Amino acid sequence: MLLLHLSDVNEASWARQFAEALAPYPVVRRGDDFDPSRVRYIFAWKPKADAFEGLDGLEAILSLGAGVDALLKHPHLPAQPIVRFVDADLSQRMSDYVVAHVTMHHRNFSRFQADQQARRWQQYYPPAASQTTVGIMGMGVLGQDAVQRLKPLGFELRSWSRTTKSIEGVTGFAGPEQFDDFLAGTDILVNLLPLTPQTSGILNAQTFGKLRRGRLAGGPVIINAARGGHQREADIVTALADGTLGAASLDVFEVEPLPQDSPLWAIQNCYITPHIAAISNEAAGVRYFSAIIRDHEAGKPLINVVDRARGY
Ligand code: NDP
Ligand code: OXD
(Lines give C-alpha, C1' and ligand atoms only; values in the text may rest on other atoms or scores of the structure.)
(Ligands and ions follow the chains in the order given, each with its own letter.)
Protein backbone atom coordinates (compact mmCIF):
# COMPACT_ATOMS: atom_id res chain seq x y z
CA MET A 1 0.00 0.00 0.00
CA LEU A 2 1.17 3.57 -0.80
CA LEU A 3 0.29 6.34 1.66
CA LEU A 4 0.40 9.98 0.58
CA HIS A 5 1.31 12.59 3.19
CA LEU A 6 1.79 15.91 1.39
CA SER A 7 1.51 19.42 2.79
CA ASP A 8 1.18 22.61 0.70
CA VAL A 9 0.50 20.69 -2.54
CA ASN A 10 -2.64 19.19 -4.06
CA GLU A 11 -2.48 15.78 -2.36
CA ALA A 12 -5.87 14.67 -3.76
CA SER A 13 -4.71 15.20 -7.32
CA TRP A 14 -1.41 13.31 -6.76
CA ALA A 15 -3.40 10.48 -5.11
CA ARG A 16 -5.75 10.20 -8.09
CA GLN A 17 -2.84 9.98 -10.53
CA PHE A 18 -0.97 7.43 -8.39
CA ALA A 19 -4.11 5.29 -8.07
CA GLU A 20 -4.47 5.29 -11.86
CA ALA A 21 -0.79 4.57 -12.52
CA LEU A 22 -0.45 1.81 -9.92
CA ALA A 23 -3.90 0.13 -10.13
CA PRO A 24 -4.79 -2.31 -8.64
CA TYR A 25 -2.08 -1.46 -6.03
CA PRO A 26 -3.80 0.31 -3.11
CA VAL A 27 -3.16 4.07 -2.69
CA VAL A 28 -4.45 5.89 0.41
CA ARG A 29 -4.37 9.36 1.98
CA ARG A 30 -4.41 10.53 5.57
CA GLY A 31 -8.00 10.40 6.82
CA ASP A 32 -8.86 7.35 4.70
CA ASP A 33 -9.87 4.17 6.50
CA PHE A 34 -6.80 1.86 6.28
CA ASP A 35 -4.57 -0.31 8.42
CA PRO A 36 -1.26 1.65 8.86
CA SER A 37 0.73 -1.56 9.27
CA ARG A 38 -0.09 -2.40 5.60
CA VAL A 39 1.66 0.76 4.32
CA ARG A 40 4.86 -0.21 2.48
CA TYR A 41 5.67 3.20 0.96
CA ILE A 42 4.98 6.72 2.17
CA PHE A 43 5.17 9.59 -0.31
CA ALA A 44 5.94 12.66 1.76
CA TRP A 45 6.44 16.42 1.60
CA LYS A 46 6.68 18.45 4.82
CA PRO A 47 5.32 15.51 6.88
CA LYS A 48 3.64 16.29 10.21
CA ALA A 49 5.12 15.02 13.49
CA ASP A 50 2.83 11.94 13.55
CA ALA A 51 3.37 11.06 9.85
CA PHE A 52 5.13 7.75 10.47
CA GLU A 53 3.09 6.51 13.44
CA GLY A 54 2.01 2.87 13.14
CA LEU A 55 3.81 2.31 9.80
CA ASP A 56 5.35 -0.95 11.02
CA GLY A 57 5.60 -2.52 7.55
CA LEU A 58 7.30 0.45 5.88
CA GLU A 59 9.78 -0.35 3.09
CA ALA A 60 10.77 3.12 1.90
CA ILE A 61 10.14 6.85 2.29
CA LEU A 62 9.61 8.59 -1.04
CA SER A 63 10.42 12.32 -1.04
CA LEU A 64 8.47 14.63 -3.32
CA GLY A 65 11.41 17.04 -3.09
CA ALA A 66 14.88 16.63 -4.51
CA GLY A 67 16.20 18.24 -1.33
CA VAL A 68 15.73 16.18 1.82
CA ASP A 69 17.17 18.51 4.47
CA ALA A 70 13.79 19.13 6.13
CA LEU A 71 12.82 15.44 6.00
CA LEU A 72 16.11 14.46 7.66
CA LYS A 73 15.24 16.76 10.58
CA HIS A 74 11.88 15.01 11.20
CA PRO A 75 11.81 14.10 14.91
CA HIS A 76 10.43 10.59 14.28
CA LEU A 77 12.01 9.69 10.96
CA PRO A 78 12.14 5.89 10.59
CA ALA A 79 15.36 4.17 9.51
CA GLN A 80 13.98 2.97 6.16
CA PRO A 81 15.69 4.20 2.96
CA ILE A 82 14.71 7.62 1.61
CA VAL A 83 14.31 7.89 -2.15
CA ARG A 84 14.50 11.47 -3.46
CA PHE A 85 13.09 12.95 -6.64
CA VAL A 86 15.54 12.89 -9.55
CA ASP A 87 13.99 13.67 -12.87
CA ALA A 88 14.82 15.19 -16.26
CA ASP A 89 11.80 17.50 -16.07
CA LEU A 90 12.94 18.87 -12.69
CA SER A 91 16.50 19.35 -13.94
CA GLN A 92 15.26 21.14 -17.06
CA ARG A 93 13.14 23.51 -14.97
CA MET A 94 16.05 24.31 -12.66
CA SER A 95 18.37 24.89 -15.60
CA ASP A 96 15.74 27.21 -17.15
CA TYR A 97 15.90 29.30 -13.98
CA VAL A 98 19.70 29.25 -13.84
CA VAL A 99 20.18 30.14 -17.52
CA ALA A 100 17.59 32.96 -17.31
CA HIS A 101 19.25 34.57 -14.30
CA VAL A 102 22.83 34.03 -15.46
CA THR A 103 22.15 35.66 -18.84
CA MET A 104 20.17 38.47 -17.23
CA HIS A 105 23.09 39.36 -14.93
CA HIS A 106 25.72 38.83 -17.61
CA ARG A 107 23.94 41.46 -19.72
CA ASN A 108 23.78 43.84 -16.71
CA PHE A 109 20.02 43.96 -16.53
CA SER A 110 20.08 45.96 -13.25
CA ARG A 111 22.16 48.73 -14.76
CA PHE A 112 20.10 49.12 -17.95
CA GLN A 113 16.83 48.92 -16.02
CA ALA A 114 18.01 51.76 -13.76
CA ASP A 115 19.09 53.75 -16.84
CA GLN A 116 15.69 53.25 -18.42
CA GLN A 117 13.91 54.40 -15.30
CA ALA A 118 16.10 57.53 -15.26
CA ARG A 119 15.59 58.04 -19.06
CA ARG A 120 19.38 57.89 -19.35
CA TRP A 121 21.06 56.90 -22.65
CA GLN A 122 24.39 55.58 -21.53
CA GLN A 123 26.20 53.03 -23.66
CA TYR A 124 28.04 50.31 -21.86
CA TYR A 125 29.15 47.01 -23.35
CA PRO A 126 28.95 43.96 -21.08
CA PRO A 127 31.91 41.56 -21.32
CA ALA A 128 31.59 38.68 -23.78
CA ALA A 129 30.26 35.44 -22.33
CA SER A 130 33.73 33.97 -22.92
CA GLN A 131 35.17 36.60 -20.52
CA THR A 132 32.57 35.87 -17.85
CA THR A 133 32.91 32.96 -15.44
CA VAL A 134 29.93 31.20 -13.95
CA GLY A 135 30.87 29.18 -10.86
CA ILE A 136 28.41 26.55 -9.73
CA MET A 137 28.47 25.23 -6.18
CA GLY A 138 27.06 21.69 -6.22
CA MET A 139 27.84 19.45 -9.18
CA GLY A 140 25.18 16.80 -8.64
CA VAL A 141 22.12 16.10 -10.75
CA LEU A 142 21.08 19.76 -11.05
CA GLY A 143 24.55 21.30 -11.25
CA GLN A 144 25.58 18.93 -14.05
CA ASP A 145 22.46 19.69 -16.04
CA ALA A 146 23.00 23.44 -15.59
CA VAL A 147 26.61 23.36 -16.90
CA GLN A 148 25.54 21.39 -19.98
CA ARG A 149 22.95 24.07 -20.78
CA LEU A 150 25.30 26.98 -20.05
CA LYS A 151 28.15 25.55 -22.14
CA PRO A 152 26.69 26.35 -25.58
CA LEU A 153 26.21 29.97 -24.47
CA GLY A 154 29.99 30.37 -24.32
CA PHE A 155 30.56 31.11 -20.62
CA GLU A 156 33.70 30.08 -18.80
CA LEU A 157 32.49 27.44 -16.34
CA ARG A 158 33.83 26.22 -13.02
CA SER A 159 32.34 23.94 -10.41
CA TRP A 160 32.79 23.30 -6.70
CA SER A 161 31.75 20.03 -5.09
CA ARG A 162 32.67 17.78 -2.18
CA THR A 163 34.56 15.28 -4.33
CA THR A 164 36.57 16.13 -7.44
CA LYS A 165 34.66 16.19 -10.73
CA SER A 166 36.06 15.96 -14.22
CA ILE A 167 33.60 17.42 -16.70
CA GLU A 168 34.68 18.53 -20.16
CA GLY A 169 34.73 22.30 -20.46
CA VAL A 170 34.31 22.84 -16.71
CA THR A 171 37.18 23.62 -14.33
CA GLY A 172 36.53 21.54 -11.25
CA PHE A 173 37.30 22.52 -7.65
CA ALA A 174 36.55 20.41 -4.60
CA GLY A 175 36.52 20.62 -0.85
CA PRO A 176 37.08 23.47 1.59
CA GLU A 177 40.77 23.74 0.63
CA GLN A 178 39.89 24.73 -2.98
CA PHE A 179 36.92 26.95 -2.15
CA ASP A 180 38.80 30.26 -2.18
CA ASP A 181 40.46 29.49 -5.54
CA PHE A 182 37.06 28.62 -6.94
CA LEU A 183 35.59 31.92 -5.75
CA ALA A 184 38.58 34.00 -6.89
CA GLY A 185 37.77 33.37 -10.58
CA THR A 186 33.97 33.47 -10.33
CA ASP A 187 31.86 36.41 -11.57
CA ILE A 188 28.42 34.81 -11.24
CA LEU A 189 28.08 32.38 -8.32
CA VAL A 190 25.23 29.85 -8.60
CA ASN A 191 24.26 27.77 -5.57
CA LEU A 192 22.90 24.27 -6.21
CA LEU A 193 24.16 22.60 -3.02
CA PRO A 194 22.11 20.48 -0.66
CA LEU A 195 21.58 22.01 2.79
CA THR A 196 23.78 20.16 5.30
CA PRO A 197 25.67 21.25 8.42
CA GLN A 198 28.73 21.79 6.17
CA THR A 199 26.92 24.03 3.64
CA SER A 200 24.64 25.98 6.00
CA GLY A 201 25.25 29.74 5.73
CA ILE A 202 27.84 29.37 2.97
CA LEU A 203 26.50 32.43 1.15
CA ASN A 204 27.89 34.95 3.61
CA ALA A 205 29.93 38.16 3.69
CA GLN A 206 33.26 36.30 3.67
CA THR A 207 32.29 34.31 0.58
CA PHE A 208 31.03 37.41 -1.25
CA GLY A 209 34.28 39.25 -0.53
CA LYS A 210 36.29 36.52 -2.26
CA LEU A 211 34.48 36.65 -5.62
CA ARG A 212 36.24 38.16 -8.64
CA ARG A 213 35.74 41.87 -9.17
CA GLY A 214 36.22 43.94 -12.29
CA ARG A 215 34.47 41.85 -14.94
CA LEU A 216 30.81 42.63 -14.34
CA ALA A 217 29.91 46.29 -13.91
CA GLY A 218 28.54 46.76 -10.42
CA GLY A 219 30.29 43.71 -9.00
CA PRO A 220 29.91 39.94 -8.85
CA VAL A 221 26.50 38.31 -8.61
CA ILE A 222 24.98 35.48 -6.59
CA ILE A 223 22.11 33.22 -7.61
CA ASN A 224 20.65 30.95 -4.92
CA ALA A 225 18.19 28.31 -6.09
CA ALA A 226 18.95 25.70 -3.43
CA ARG A 227 17.90 26.44 0.16
CA GLY A 228 17.37 29.57 2.24
CA GLY A 229 19.52 28.05 4.98
CA HIS A 230 22.53 28.50 2.69
CA GLN A 231 22.30 32.29 2.81
CA ARG A 232 22.86 34.96 5.45
CA GLU A 233 20.29 37.51 4.38
CA ALA A 234 21.68 40.32 6.53
CA ASP A 235 25.03 39.86 4.73
CA ILE A 236 23.31 39.96 1.33
CA VAL A 237 21.55 43.22 2.22
CA THR A 238 24.85 44.80 3.28
CA ALA A 239 26.78 43.44 0.27
CA LEU A 240 24.19 44.77 -2.20
CA ALA A 241 24.26 48.17 -0.50
CA ASP A 242 28.05 48.57 -0.34
CA GLY A 243 28.78 47.15 -3.81
CA THR A 244 30.46 43.91 -2.69
CA LEU A 245 27.71 42.30 -4.80
CA GLY A 246 26.32 43.82 -7.99
CA ALA A 247 23.06 41.88 -7.83
CA ALA A 248 21.43 38.79 -6.36
CA SER A 249 18.76 36.38 -7.56
CA LEU A 250 17.12 34.52 -4.69
CA ASP A 251 14.53 31.78 -5.05
CA VAL A 252 14.78 30.55 -1.46
CA PHE A 253 14.87 32.27 1.93
CA GLU A 254 15.81 31.79 5.58
CA VAL A 255 12.09 32.02 6.37
CA GLU A 256 9.48 31.11 3.75
CA PRO A 257 7.25 32.80 2.79
CA LEU A 258 9.66 35.75 2.89
CA PRO A 259 8.34 37.97 5.72
CA GLN A 260 6.66 41.24 4.72
CA ASP A 261 9.22 43.25 6.67
CA SER A 262 12.28 41.71 4.97
CA PRO A 263 14.51 44.47 3.54
CA LEU A 264 15.20 42.22 0.52
CA TRP A 265 11.80 43.05 -1.04
CA ALA A 266 12.74 46.66 -1.62
CA ILE A 267 16.25 46.21 -3.05
CA GLN A 268 16.16 46.96 -6.76
CA ASN A 269 19.05 44.69 -7.75
CA CYS A 270 17.72 41.76 -5.71
CA TYR A 271 15.50 39.50 -7.82
CA ILE A 272 13.08 37.52 -5.70
CA THR A 273 11.05 34.47 -6.73
CA PRO A 274 8.91 32.47 -4.25
CA HIS A 275 10.71 29.08 -4.27
CA ILE A 276 9.53 28.20 -7.76
CA ALA A 277 12.83 27.58 -9.55
CA ALA A 278 11.98 23.91 -10.10
CA ILE A 279 8.72 22.50 -8.95
CA SER A 280 8.23 18.71 -8.83
CA ASN A 281 5.84 18.14 -11.71
CA GLU A 282 2.90 15.84 -10.92
CA ALA A 283 2.91 13.75 -14.09
CA ALA A 284 6.70 13.31 -13.97
CA GLY A 285 6.64 12.53 -10.24
CA VAL A 286 3.90 9.94 -10.54
CA ARG A 287 5.75 8.29 -13.43
CA TYR A 288 9.06 8.23 -11.52
CA PHE A 289 7.78 7.00 -8.13
CA SER A 290 5.29 4.50 -9.65
CA ALA A 291 8.19 2.89 -11.52
CA ILE A 292 10.21 2.78 -8.30
CA ILE A 293 7.37 1.09 -6.39
CA ARG A 294 6.70 -1.40 -9.20
CA ASP A 295 10.39 -2.26 -9.53
CA HIS A 296 10.87 -2.61 -5.80
CA GLU A 297 7.80 -4.82 -5.48
CA ALA A 298 9.33 -6.95 -8.25
CA GLY A 299 12.51 -7.37 -6.19
CA LYS A 300 14.71 -4.69 -7.81
CA PRO A 301 16.80 -2.35 -5.63
CA LEU A 302 15.69 1.20 -4.86
CA ILE A 303 17.42 4.00 -6.78
CA ASN A 304 18.48 7.54 -5.79
CA VAL A 305 18.61 6.63 -2.13
CA VAL A 306 19.75 9.40 0.22
CA ASP A 307 23.01 8.83 2.08
CA ARG A 308 22.02 9.84 5.60
CA ALA A 309 25.60 10.11 6.83
CA ARG A 310 26.40 12.69 4.11
CA GLY A 311 23.04 14.41 4.56
CA TYR A 312 22.05 14.35 0.87
P1 NDP B 1 22.76 16.20 -5.59
O2 NDP B 1 22.73 15.45 -4.31
O3 NDP B 1 22.62 15.46 -6.86
O4 NDP B 1 24.10 17.05 -5.68
C5 NDP B 1 24.66 17.71 -4.60
C6 NDP B 1 26.01 18.31 -4.99
O7 NDP B 1 26.49 19.12 -3.91
C8 NDP B 1 27.07 17.24 -5.24
O9 NDP B 1 27.90 17.62 -6.31
C10 NDP B 1 27.88 17.25 -3.93
O11 NDP B 1 29.24 16.87 -4.07
C12 NDP B 1 27.80 18.72 -3.57
N13 NDP B 1 28.06 18.91 -2.14
C14 NDP B 1 27.39 18.38 -1.09
N15 NDP B 1 27.95 18.76 0.07
C16 NDP B 1 29.01 19.52 -0.25
C17 NDP B 1 30.01 20.19 0.50
N18 NDP B 1 30.04 20.14 1.84
N19 NDP B 1 30.95 20.89 -0.17
C20 NDP B 1 30.97 20.94 -1.52
N21 NDP B 1 30.04 20.32 -2.29
C22 NDP B 1 29.08 19.63 -1.67
O23 NDP B 1 21.62 17.32 -5.45
P24 NDP B 1 20.72 17.96 -6.62
O25 NDP B 1 21.61 18.51 -7.65
O26 NDP B 1 19.67 17.01 -7.03
O27 NDP B 1 19.97 19.13 -5.80
C28 NDP B 1 20.67 20.15 -5.13
C29 NDP B 1 19.73 20.94 -4.24
O30 NDP B 1 18.87 21.78 -5.01
C31 NDP B 1 18.74 20.13 -3.41
O32 NDP B 1 19.36 19.58 -2.25
C33 NDP B 1 17.67 21.15 -3.06
O34 NDP B 1 17.98 21.75 -1.82
C35 NDP B 1 17.77 22.17 -4.17
N36 NDP B 1 16.54 22.24 -4.97
C37 NDP B 1 15.86 23.42 -5.03
C38 NDP B 1 14.72 23.52 -5.79
C39 NDP B 1 14.00 24.82 -5.93
O40 NDP B 1 12.91 24.86 -6.50
N41 NDP B 1 14.53 25.93 -5.46
C42 NDP B 1 14.19 22.38 -6.53
C43 NDP B 1 14.99 21.20 -6.43
C44 NDP B 1 16.13 21.14 -5.66
P45 NDP B 1 29.65 15.39 -4.54
O46 NDP B 1 29.27 15.32 -6.00
O47 NDP B 1 31.10 15.35 -4.34
O48 NDP B 1 28.87 14.43 -3.69
C1 OXD C 1 12.94 20.42 -3.89
C2 OXD C 1 12.29 21.74 -3.85
O3 OXD C 1 13.82 20.15 -3.09
O4 OXD C 1 11.24 21.92 -4.51
O5 OXD C 1 12.57 19.63 -4.77
O6 OXD C 1 12.80 22.65 -3.20
Side-chain angles (χ1 to χ4, degrees), residues 6-9 14 43-47 62-73 82-98 100-101 135-149 158-167 170 172-183 186 189-203 207 223-231 249-254 256-258 271-282 284-285 288-289 303-312:
L6 308 175
S7 306
D8 297 346
V9 292
W14 279 86
F43 180 54
W45 182 241
K46 301 182 184 168
L62 312 178
S63 167
L64 167 70
V68 291
D69 46 289
L71 192 55
L72 289 176
K73 287 190 196 123
I82 300 170
V83 176
R84 69 188 194 96
F85 192 38
V86 174
D87 179 73
D89 175 86
L90 186 84
S91 302
Q92 165 84 65
R93 286 165 197 260
M94 180 57 87
S95 293
D96 290 346
Y97 171 90
V98 171
H101 287 259
I136 302 196
M137 303 197 291
M139 214 19 58
V141 174
L142 300 180
Q144 291 189 32
D145 194 80
V147 288
Q148 294 313 331
R149 294 182 200 276
R158 51 177 54 198
S159 70
W160 183 69
S161 45
R162 196 178 51 83
T163 57
T164 307
K165 296 278 175 294
S166 171
I167 301 172
V170 182
F173 297 80
E177 55 293 341
Q178 293 182 6
F179 190 50
D180 287 4
D181 285 346
F182 163 75
L183 295 173
T186 294
L189 180 67
V190 178
N191 179 33
L192 290 174
L193 287 166
L195 183 61
T196 68
Q198 291 73 35
T199 64
S200 172
I202 194 164
L203 292 171
T207 299
I223 298 174
N224 185 12
R227 284 291 181 265
H230 286 127
Q231 69 201 20
S249 289
L250 308 175
D251 183 58
V252 288
F253 300 90
E254 288 175 15
E256 294 181 5
L258 182 62
Y271 299 88
I272 290 173
T273 47
H275 199 145
I276 50 79
I279 196 81
S280 299
N281 173 265
E282 203 173 289
Y288 169 79
F289 286 110
I303 56 166
N304 297 320
V305 174
V306 172
D307 179 335
R308 291 194 191 206
R310 285 188 330 194
Y312 65 97

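When a ligand or atom number is given, it counts from 1 through the structure's own listing order. Because the structure is a prediction, the values reported are computed rather than measured. If you read the sequence from its start, that first residue is 1, and numbering goes on from there.
- Interface atoms of ligand 2 facing A278, defined by a heavy-atom separation under 4.0 Å, are 4 (O).
- Heavy atoms of L195 come nearer than 4.0 angstrom to ligand 1 in no pair at all.
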- request: Under the side-chain hydrogen bond (donor to acceptor under 3.5 Å, both in side chains) rule, what do Q198 and R162 come out as? Steps first, then yes or no, please.
  value: CA-CA 10 Å; Q198 291 73 35; R162 196 178 51 83; over 6 Å; no
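- Taking each heavy atom of L6 and A44 in turn, the nearest pair found is CD2-C, 3.8 Å.
- For ligand 1, the atoms closer than 4.0 angstrom to any heavy atom of S161 are 9 (O), 11 (O), 20 (C), 21 (N).
- Minimum heavy-atom separation, F85 to L64: CB-O, 3.5 Å.
- Judged purely by atom type and a 3.5 angstrom limit, N304 has no side-chain atom pairing as donor or acceptor with the backbone of V86.
- For a threshold of 3.5 Å applied to N or O pairs, the pair formed by L142 and ligand 1 contains at least one separation below that value.
- The two atoms that bring Y97 and N224 nearest to each other are OH-O, 4.2 Å, heavy atoms only.
- In terms of modelled atom types and a separation under 3.5 Å, the side chain of R158 and the main chain of G135 share no donor-acceptor contact.
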Residues D89, Y288; criterion side-chain hydrogen bond (donor to acceptor under 3.5 Å, both in side chains); working and verdict: CA-CA 11 Å; D89 175 86; Y288 169 79; over 6 Å; no
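- Polar contact with ligand 1: present for V141 (N/O pair, distance under 3.5 Å).
- The protein atom (non-hydrogen) at minimum distance from atom 6 (O) of ligand 2 is H275 NE2, 2.7 Å.
- Under 4.0 Å from ligand 1, the heavy atoms of A225 that appear belong solely to its backbone.
- Looking at atom 13 (N) of ligand 1, its nearest protein heavy atom turns out to be L193 CD2, 3.6 Å.
- Here the side chain of Q178 pairs a donor or acceptor atom with the backbone of A174 at under 3.5 angstrom.
- Only the side chain of Q198 comes within 4.0 Å of ligand 1, judged by heavy-atom distances.
- One option in A66, G140, P274, P197 has a heavy atom closer to atom 8 (C) of ligand 1 than any other, and that option is G140.
- Ligand 2 has a nitrogen or oxygen under 3.5 angstrom from a nitrogen or oxygen of A66.
- Numbered from 1 in the order shown, with element, the atoms of ligand 1 that lie under 4.0 Å from a heavy atom of D251 read 39 (C), 40 (O), 41 (N).
- Polar contact check, R162 against ligand 1: a nitrogen or oxygen pair lies under 3.5 Å apart.
- Here the side chain of S91 pairs a donor or acceptor atom with the backbone of D87 at under 3.5 angstrom.
- Remark: the backbone N or O of V141 is not paired with any side-chain donor or acceptor of Q144 at under 3.5 angstrom.
- Ring geometry for F179 against W160 counts as tilted: the plane angle lies between 30° and 60°, on a 0 to 90° scale.
- The shortest N or O to N or O distance between L90 and ligand 1 is not below 3.5 Å.
- Annotation: T199 places no N or O atom under 3.5 Å from an N or O atom of ligand 1; distance criterion only.
- Using a 4.0 Å cut-off to heavy atoms of K165, the atoms of ligand 1 that qualify are 45 (P), 46 (O), 47 (O).
- Remark: side-chain polar atoms of R84 are not paired, donor with acceptor, to backbone N or O of S63 under 3.5 angstrom.
- Under a 4.0 angstrom heavy-atom cut-off, A277 registers as lying outside contact with ligand 2.
- Between the T199 side chain and the T196 main chain, a donor and an acceptor come within less than 3.5 Å of each other.
- In this structure, the side chain of H230 engages the main chain of P194 through a donor-acceptor pair within 3.5 Å.
- Only the side chain of R84 comes within 4.0 Å of ligand 1, judged by heavy-atom distances.
- Close approach of ligand 2 to R227 is summarised as follows: ligand atoms under 4.0 Å from at least one heavy atom of the residue are 1 (C), 2 (C), 3 (O), 6 (O).
- Within the 3.5 Å criterion, the main-chain N or O of I202 finds a donor-acceptor partner in the side chain of T207.
- Ranking the protein heavy atoms by distance from atom 31 (C) of ligand 1 puts G67 CA, 3.8 Å first.
- Closest to atom 32 (O) of ligand 1 among all protein heavy atoms lies P194 CA, 3.3 Å.
- Taking every non-hydrogen atom of H275 and a distance limit under 4.0 Å, the qualifying atoms of ligand 1 come out as 39 (C), 40 (O), 41 (N).
- For L192, every heavy-atom contact with ligand 1 shorter than 4.0 Å involves the backbone, none the side chain.
- The shortest N/O to N/O separation between L64 and ligand 2 does not fall below 3.5 Å.
- Note: no N/O pair closer than 3.5 Å links W45 and ligand 2 by distance alone.
- Note: an N/O pair closer than 3.5 Å links Y312 and ligand 1 by distance alone.
- The contact set between ligand 1 and W160, taken as ligand atoms under 4.0 Å from a residue heavy atom, comprises 19 (N), 20 (C).
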